[in-house]
Each structure stands twice: as C-alpha cells, then as structure tokens.
J.: 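Let me give you the structure first, and then I'll get to my questions.
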Amino acid sequence: AGKTEWGSQGRGGGIAGYNLGVITSCVNKATGTVTSEINFTGGIAGHNQGRILSSWNEATVKGDRYVGGLSGKQAPPYVKDDSFFDPMLVLYQSYNAGDVHGTTLVGGLAGSGGCPTVSCYNAGNVFADDSAGGLYGMFEDVDYRIRPTNYIYACYNTGNVTTKYD
C-alpha cells in the first residue's frame with residue numbers, strides 16, 4: 001500500500017519506471033495513484049521493453065501522454081538496430097483493475113506500442129482527451145507489410161472508455 005509519484009522526468013511505474021527485464025507475479029496494490037507529469041506512466045512499468053507476466057495493477061494511474069494500466073509505452077518486439085526480433089517481449093496473463101487518466105495515447109493495458117499481448121484484460125475505466133482504448137490507446141506494429149509481429153489474442157476489456165474529443 002502506498003503512493004508512487006514521479007516528477008517531470010517521466011517514466012513512472014508502480015513496480016519499475018523503465019523495465020528491460022522480466023516482471024513476473026508482481027502486484028501494484030498502491031491505495032494512492034501512480035502519477036507522472038509528462039510521458040510514460042504505467043501501473044506496473046512506465047516504459048516496458050521487457051516482459052510483464054502474470055502481474056496486475058490495482059492503483060489509479062495518471063499522466064499526460066503514454067499512460068497505461070500496465071505500461072505507459074510498450075516497446076515493439078525489435079531491439080537495437082531493428083534487425084533482431086525478440087518474440088519474448090510480451091504482456092502475458094496480466095490485467096489492470098485501476099482507472100487510467102491521461103491526455104492522449106491512454107489505454108487500459110498500455111498507452112501506446114505493441115507486442116504479443118496474450119490472455120490479458122482491463123477492468124478499469126479509461127479517460128482521455130483523445131486516442132484512448134480499453135486495451136491500447138494506439139496499437140502498432142514495426143512493419144506489418146513484411147511480417148506481422150504484434151498481435152492481441154484472447155484479451156478483453158470490461159471498463160468504460162471516455163474521450164473528450166470525437
């Protein structure tokens with residue numbers, strides 16, 4: 001229990017500000033809010049370039065851009081010079097139950113990015129000015145024309161999504 005706050009540097013997370021490794025079986029049960037004033041705010045990791053497995057967030061998450069219940073920015077599964085594909089950069093069997101608030105690129109799981117996302121769900125409400133989604137604010141692929149690398153499989157959303165602008 002507690003409150004996690006990060007200043008204007010961004011990359012605020014309930015477990016890690018910037019994850020390059022493996023977060024597994026972790027829970028953010030903060031009774032307060034995970035807050036960042038600029039970019040990359042997540043209930044588990046502010047910026048995730050690793051794995052989040054069997055973990056969940058129960059705290060409210062607030063930020064400006066790239067705000068998500070699990071990760072604010074979810075890196076695509078390419079590393080370094082975009083020549084090496086790492087299929088293990090995944091969100092797996094994880095969920096968000098906290099409300100998520102931001103200006104743009106706001107999602108129940110991740111604000112923006114993409115990776116194989118399997119057996120995850122969002123139960124929190126999502127509030128943004130624009131670019132908001134129950135799972136991702138913006139889901140992307142590195143180069144879908146050559147080889148689709150990112151996908152969402154067996155995931156769902158039960159939270160409300162509210163945007164200010166149409």
J.: For residues Val126 and Ala132, report the shortest heavy-atom separation together with the two atoms involved.
T.: CG1-CB, 4.0 Å
J.: Here's a test for you: under side chain to side chain contact (heavy atoms under 4.5 Å, CB included), which of Thr60, Val67, Asp64 qualifies with His101?
T.: Thr60
J.: Quick one: does any side-chain atom of Ser94 pair with a main-chain N or O of Ser54 as donor and acceptor, under 3.5 Å?
T.: yes
J.: How would you list, by chain and number, every residue that makes a ring-ring contact (aromatic ring centres under 6.0 Å, His included) with Tyr66, sequence neighbours excluded?
T.: Phe40
J.: So how far is it from Ser71 OG to Gln49 CD, rounded to the nearest 0.5 Å?
T.: 10.5 Å
J.: Kindly compute the distance separating CZ (Arg51) from OG1 (Thr24), expressed to the nearest 0.5 Å.
T.: 10.0 Å
J.: Is there a side-chain contact between Lys73 and Asn39 in this structure, where contact means two heavy atoms from C-beta onward sitting under 4.5 Å apart?
T.: no
J.: Closest approach of Glu140 and Asn150, non-hydrogen atoms and distance?
T.: O-ND2, 2.8 Å
J.: Are the side chain of Asn57 and the backbone of Asn96 linked by a donor-acceptor contact shorter than 3.5 Å?
T.: no
J.: Please report the closest heavy-atom contact between Gly124 and Asn157, naming both atoms and the distance.
T.: O-OD1, 4.4 Å
J.: Show which residues join Leu20 in its hydrophobic cluster (side-chain heavy-atom contacts under 4.5 Å, direct or indirect), or state none.
T.: Tyr18
J.: To the nearest 0.5 Å, tell me how far Ser112 OG sits from Arg65 CZ.
T.: 9.5 Å
J.: Using side-chain heavy atoms (C-beta onward) and a distance below 4.5 Å, is Val22 in contact with Leu53?
T.: yes
J.: Are Ser131 and Met138 close enough that some pair of their side-chain heavy atoms sits under 4.5 Å apart?
T.: no
J.: Taking all non-hydrogen atoms of both residues, which atom of Ser55 and which atom of Ser25 are closest, and how far apart?
T.: OG-N, 3.3 Å
J.: Looking at Val100, Val61, Val161, which one forms a side chain to side chain contact (heavy atoms under 4.5 Å, CB included) with Val106?
T.: Val100
J.: Under a 4.5 Å side-chain heavy-atom rule over Ile, Leu, Val, Met, Phe, Trp and Tyr, are Tyr95 and Tyr153 clustered together?
T.: no
J.: Would you please test Arg11 and Ser36 for side chain to side chain contact (heavy atoms under 4.5 Å, CB included) and show each step?
T.: CA-CA 7 Å; Arg11 290 189 180 157; Ser36 181; over 6 Å; no
J.: Which atom names give the shortest non-hydrogen contact between Asn48 and Gln74, and what distance separates them?
T.: ND2-OE1, 2.9 Å
J.: Under the criterion side chain to side chain donor-acceptor pair (under 3.5 Å), I'd like the reasoning laid out for Asp129 against Thr104: C-alpha separation, chi angles, the key distance, then a yes or no.
T.: CA-CA 6 Å; Asp129 289 350; Thr104 187; over 6 Å; no
J.: Is any side-chain heavy atom of Val118 closer than 4.5 Å to a side-chain heavy atom of Cys155?
T.: no
J.: Counting N and O atoms only, with roles assigned by atom type, does the side chain of Glu58 sit under 3.5 Å from a partner on the main chain of Gly98, one being a donor and the other an acceptor?
T.: no
J.: Taking ILVMFWY side chains as joined if any heavy atoms are under 4.5 angstrom apart, and letting links pass through other members, which residues group with Ile52?
T.: Ile15, Ile23, Ile44, Leu70, Leu91, Leu109, Leu135, Tyr136, Phe139, Ile152
J.: Please answer: with hydrophobic residues joined when any side-chain heavy atoms are less than 4.5 Å apart, are Tyr151 and Tyr92 in the same cluster?
T.: yes
